[in-house]
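Notes to accompany the following structure.
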Amino acid sequence: MKKKLVLILIAATLTLASTACGSKPAQEPAEPQQQEQQETEPVEQEEEEESEPETTEPEESAEPESEPEETDESTPGASMTNALPLTVGETVSGEVERGKSVWYTFTASDKESVYNVILENTTTDGGAYGLEIQGVLRDENGEKIGSHFNAFDDGKIEVEELKDLKPNTTYYVHLSLTDLVDVNGDYNLTVKEVTE
């Protein structure tokens, strides 16, 4: 008796699983299948009742799911694709979190010019090893331009001079921290156009 009951339960489970997947159920001996159909009919009816659309009013959520999440326009991007635009000549202040990076973007003017990227590390407590903020300039394709420029928490300002930027071209400034630190880094960043 127990064997038949276990067989019926297994057959019912297989039938329901294969029905849900859209495939045909495996054929079992005739007697258990007939009993299975009798046992599963009420379950199938219950499933049909559960799948019928409800006529109650849908609950209103505080925020619609279809609208994109708003971001702070003064927060730098976490990647090149969502870099925060910089106004050439203006200084922005921010924080780089350990293990993360920040991205800014600017567009060179319509004439050939020299640009200075000025990075000041304003971190007051850089931890036991000191805190180094690393900067890299990249072009529209993500290729590195020039060398890394690093600002230490020793009060010195790092200036990277860029002479060969193409007019009307978008560039990206990528800032990150060294792996040795366990604190976040504060900074001031400025991109200036220098007349020759």
Side-chain angles (χ1 to χ4, degrees), residues 57-196:
E57 301 267 333
E59 291 182 27
E60 291 185 30
S61 62
E63 295 180 39
E65 292 179 7
S66 61
E67 291 182 19
E69 192 174 305
E70 287 187 31
T71 58
D72 182 3
E73 291 184 16
S74 64
T75 303
S79 68
M80 192 171 146
T81 57
N82 64 355
L84 180 68
L86 281 174
T87 301
V88 174
E90 290 186 11
T91 300
V92 294
S93 299
E95 179 183 62
V96 183
E97 294 180 24
R98 181 175 189 259
K100 297 184 180 179
S101 59
V102 295
W103 290 80
Y104 291 93
T105 183
F106 70 95
T107 302
S109 68
D110 57 357
K111 61 182 180 181
E112 288 189 24
S113 296
V114 174
Y115 287 85
N116 285 338
V117 178
I118 304 163
L119 180 60
E120 178 185 12
N121 184 338
T122 59
T123 308
T124 55
D125 180 17
Y129 298 105
L131 185 120
E132 176 185 359
I133 298 176
Q134 300 173 340
V136 178
L137 185 72
R138 299 192 180 272
D139 66 12
E140 293 173 314
N141 300 317
E143 299 294 320
K144 185 174 93 169
I145 298 174
S147 60
H148 286 84
F149 48 96
N150 303 320
F152 297 90
D153 60 349
D154 58 4
K156 294 181 183 174
I157 296 174
E158 178 69 22
V159 178
E160 179 73 9
E161 186 177 78
L162 306 164
K163 294 183 178 180
D164 297 322
L165 300 186
K166 296 176 185 171
N168 298 316
T169 303
T170 300
Y171 293 95
Y172 298 86
V173 179
H174 176 215
L175 302 178
S176 60
L177 299 177
T178 58
D179 292 333
L180 298 174
V181 299
D182 58 355
V183 295
N184 296 339
D186 299 317
Y187 62 88
N188 291 327
L189 176 67
T190 309
V191 175
K192 282 190 177 178
E193 184 176 11
V194 181
T195 56
E196 292 190 89

Any donor-acceptor pair under 3.5 Å linking the side chain of Asn116 with the backbone of Val159? no

Distance-only, no hydrogens or angles: does the Asn188 side chain make a donor-acceptor pair with backbone N or O of Thr122 under 3.5 Å? no

Rounded to the nearest 0.5 Å, what separates atom [atom1] in [X] from atom [atom2] in [Y]?
| X | Y | atom1 | atom2 | answer |
| --- | --- | --- | --- | --- |
| Asn121 | Leu189 | CG | CG | 12.0 Å |
| Tyr172 | Thr105 | OH | OG1 | 4.5 Å |
| Asp186 | Thr124 | CG | OG1 | 7.0 Å |
| Leu165 | Thr170 | CG | OG1 | 11.5 Å |
| Asn184 | Arg98 | CG | CZ | 9.5 Å |
| Phe152 | Gln134 | CZ | CD | 8.5 Å |

Nearest heavy-atom pair of [X] and [Y]: which atoms, and what distance?
| X | Y | answer |
| --- | --- | --- |
| Lys166 | Ala108 | O-CB, 3.3 Å |
| Leu137 | Phe149 | N-CE2, 4.0 Å |
| Asp139 | Tyr171 | CA-CD2, 4.0 Å |
| Glu90 | Thr190 | O-CG2, 3.7 Å |
| Leu84 | Pro76 | CB-CA, 3.6 Å |

With a 4.5 Å heavy-atom cut-off, do [X] and [Y] have their side chains touching?
| X | Y | result |
| --- | --- | --- |
| Leu177 | Ile133 | yes |
| Glu132 | Glu158 | no |
| Glu160 | Leu119 | no |
| Pro167 | Glu112 | yes |

Side chains of Ser176 and Ser101: do they bring a donor and an acceptor to under 3.5 Å? no

With sequence neighbours left out, what residues match Glu161 under salt bridge (Lys or Arg N to Asp or Glu O under 4.0 Å)? Lys163

Evaluate the ring planes of Trp103 and His174, with Trp represented by its six-membered ring, and classify them as parallel (under 30°), tilted (30 to 60°) or perpendicular (over 60°). parallel

Please determine whether the number of non-hydrogen atoms from other residues, nucleotides or ligands lying under 6.0 Å from atom CG of Asp164 exceeds 12. no

Within a reach of under 6.0 Å around NZ of Lys100, are more than 12 heavy atoms found that belong to other residues, nucleotides or ligands? no

